[in-house]
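What follows is a set of notes on a single structure, which appears directly below.
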2 protein chains.
Amino acid sequence: MAEYNLKDQVSDKYSLRGRVFHKIREDILNGKYKQGEELREATIGEELGVSRTPVREAFRQLELEGLLKMVPNKGTYVTGITQKDVKDIYMIRSLLEGLCARLATENITPEQMNEMEENVYLSEFHESKGHFDQMAQLDNRFHEILYESCDSKMLEHLLRDFHQYVYRVRKMTLSSEKRGKASNLEHREIMESIKAGEADRAEKLANLHMINAYDNMLKNGLIEMFDQGNDNEGK
Amino acid sequence: MAEYNLKDQVSDKYSLRGRVFHKIREDILNGKYKQGEELREATIGEELGVSRTPVREAFRQLELEGLLKMVPNKGTYVTGITQKDVKDIYMIRSLLEGLCARLATENITPEQMNEMEENVYLSEFHESKGHFDQMAQLDNRFHEILYESCDSKMLEHLLRDFHQYVYRVRKMTLSSEKRGKASNLEHREIMESIKAGEADRAEKLANLHMINAYDNMLKNGLIEMFDQGNDNEGK
DNA sequence: TCCTGTATAATTGTATACAATTATCCCGAA
DNA sequence: TTCGGGATAATTGTATACAATTATACAGGA
């Protein structure tokens, strides 16, 4: 269940509208709805067995999250992420994940520390077995733990947003075998720095972790690939 | 036009619902609706002359922005900004304004550079005359120019949000006379670094600018003052 | 053929109606 | 008096109805 955990942002996760919100969100992130695609309120409502009202409310929130764009009196479209956006996000995330790691060093709870260690071990195991799906999930979770550990709602919320935003891109990136290995090592180093209470080191490593992730994407040409699906969103 | 413009998160700024959204937002930021206060959909709707539907949609977005909290089947409450939130925001802003200044050094246009210089001069003038209102406005604008100059929609959007978020606090801070003078000097130094193309220096100065602003708030006890209205939000 | 204007259909925007849930108040019993 | 319970009112959640806007199709003329 619930990896991407919007947690408090959408309070009523199990209400009707909450489910609508999460379902649409999932369908966007999983690629069921492509970039630039138009979503009709009535159609989505029928699919989910609800009226347009909760669908519209969900749309409004997804728009603010940046996943949808509602054009007045015209329609609602799946937002495209441009190459430039991805670059900017990784630049920003590099700084903020660094800050997050620094704060986590001071504020992480023993339970969170345990889960982070376990996460690193598990991911290394699955890497050795070539289980890419599990690795992707564990990678997600690693960052979630980090966000939860910094004890800052603001930062947590912000980083989670960005994390989600590049979800589709990241998924492709991680299937690159070499990066999986390198990423695991970086996770381990971050984890150990936090455990050792070395805030400066944790911050720098987390900075680097993002930069490396982005560089890897560039090298593999994954961004260009990703950007293509974006062009037909043109006008 | 329009790739999606996160700048106008709420695209239809001048539509009915858009106006509802901005009006409620303004009323929260200006303090008309106090922290912890319950907002009734029907009441707000009557005040603005609309039905509950657009009000609810606005609520949903304001919830995601963190200004409101909707409790299912109970009500909608104005979210408080805690002392901790303000601290976190300034920590985050310190990093991001630094990044923004760095990027601005590379991407600022001549027109923007001119406006920034003019802004600095004007603010120094008004400072000498004790025109605090104008200074506050120019301070706002200085940061706006900086955000526009970095040529990153993502970063611009983010910083603008935070800027707004601490609007009430900032307004109080700037009326402190000494800080106005110091702030002006810092603006000047940032401006000159950008003009000279010294990205590293601009980044560091912008970092510091935020830290100083926050420290000043602490010294003057403005945060504690601000936090009080927050306590009765209790459980 | 290609453009254009108009009628029609489809879709969004808002208001209203009704259902579900929660809060309030009053009354009676201990 | 104080506590509990139940009826009533108030509020939110969702569905539906209608208005406003936009897209589509088709006919007619250059």
Side-chain angles (χ1 to χ4, degrees), chain A residues 6 8-25 27-28 33-34 36-64 67-79 232-235, chain B residues 1-2 4-5 8-25 28 33-34 36-64 67-79 232-235:
Chain A
L6 262 192
D8 288 333
Q9 298 172 39
V10 174
S11 34
D12 47 347
K13 190 183 302 191
Y14 302 108
S15 79
L16 193 56
R17 193 209 58 87
R19 285 201 306 275
V20 172
F21 175 89
H22 286 282
K23 183 64 168 64
I24 299 174
R25 191 171 202 283
D27 285 343
I28 295 172
Y33 303 132
K34 308 280 185 234
E37 184 172 343
E38 180 170 358
L39 300 186
R40 296 222 172 71
E41 296 169 0
T43 309
I44 304 271
E46 279 168 26
E47 280 178 20
L48 304 180
V50 298
S51 75
R52 284 172 52 215
T53 310
V55 173
R56 274 183 70 87
E57 290 188 15
F59 275 15
R60 287 293 176 201
Q61 294 196 294
L62 290 165
E63 178 184 33
L64 212 65
L67 292 174
L68 294 180
K69 166 79 176 169
M70 294 182 87
V71 180
N73 286 313
K74 288 194 66 180
T76 299
Y77 308 88
V78 178
T79 298
N232 47 8
E233 177 213 9
K235 57 137 184 294
Chain B
M1 50 151 214
Y4 68 87
N5 200 344
D8 306 313
Q9 304 160 44
V10 174
S11 35
D12 47 347
K13 193 177 299 193
Y14 301 108
S15 79
L16 193 57
R17 192 210 58 87
R19 286 202 304 277
V20 172
F21 175 89
H22 287 283
K23 184 63 169 62
I24 300 174
R25 192 173 200 282
I28 296 173
Y33 302 132
K34 307 279 184 234
E37 185 173 342
E38 179 170 358
L39 301 186
R40 295 222 173 69
E41 296 169 0
T43 309
I44 304 271
E46 280 168 26
E47 281 179 19
L48 303 180
V50 297
S51 75
R52 284 173 53 214
T53 310
V55 173
R56 274 183 69 87
E57 290 188 15
F59 275 15
R60 287 292 177 202
Q61 294 195 294
L62 290 165
E63 178 184 32
L64 213 63
L67 291 174
L68 294 180
K69 167 84 176 168
M70 294 182 87
V71 180
N73 285 313
K74 287 196 68 179
T76 299
Y77 308 88
V78 179
T79 299
N232 47 8
E233 177 212 8
K235 57 137 180 289

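A, B, ... follow the sequence lines: proteins, then strands. Residue 1 opens every chain.
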Let me know which of B/Val20, B/Leu64, B/Leu39, B/Leu67 forms a side-chain contact (heavy atoms from CB on, under 4.5 Å) with B/Phe59. B/Leu39

Please give, in whole Å, the distance from [N] [atom2] to [X] [atom1]?
X: A/Met70; N: D/dT21; atom1: CE; atom2: P; answer: 17 Å
X: A/Glu46; N: D/dT16; atom1: CD; atom2: P; answer: 11 Å
X: B/Arg60; N: D/dT14; atom1: CZ; atom2: P; answer: 8 Å
X: B/Glu63; N: D/dG13; atom1: CD; atom2: P; answer: 10 Å
X: B/Leu39; N: D/dT12; atom1: CG; atom2: P; answer: 9 Å
X: B/Glu38; N: D/dA10; atom1: CD; atom2: P; answer: 14 Å
X: B/Arg52; N: D/dG13; atom1: CZ; atom2: P; answer: 8 Å
X: A/Glu57; N: C/dA15; atom1: CD; atom2: P; answer: 15 Å

For [N], does OP1 or OP2 lie under 4.0 Å from any side-chain N or O of [X]?
X: A/Thr53; N: D/dT14; result: no
X: B/Lys74; N: C/dT21; result: no
X: B/Arg40; N: D/dT12; result: no

Please determine if B/Arg60 and B/Glu57 form a salt bridge, counting it only when a charged side-chain N lies under 4.0 Å from a carboxylate O. no

Mind listing the closest non-hydrogen atom pair of B/Glu63 and B/Met70 along with its distance? OE2-N, 3.3 Å

Taking the side chain of B/Asn73 as heavy atoms from C-beta outward, which of C/dT22, D/dA15, C/dG13 is closest to it? C/dT22

So if I take every side-chain heavy atom of B/Arg56 and compare against D/dT16, C/dT14, D/dT12, which nucleotide ends up nearest? D/dT12

Could you go step by step and tell me if A/Val78 and A/Lys34 meet the side chain to side chain contact (heavy atoms under 4.5 Å, CB included) rule? CA-CA 7 Å; A/Val78 178; A/Lys34 308 280 185 234; over 6 Å; no

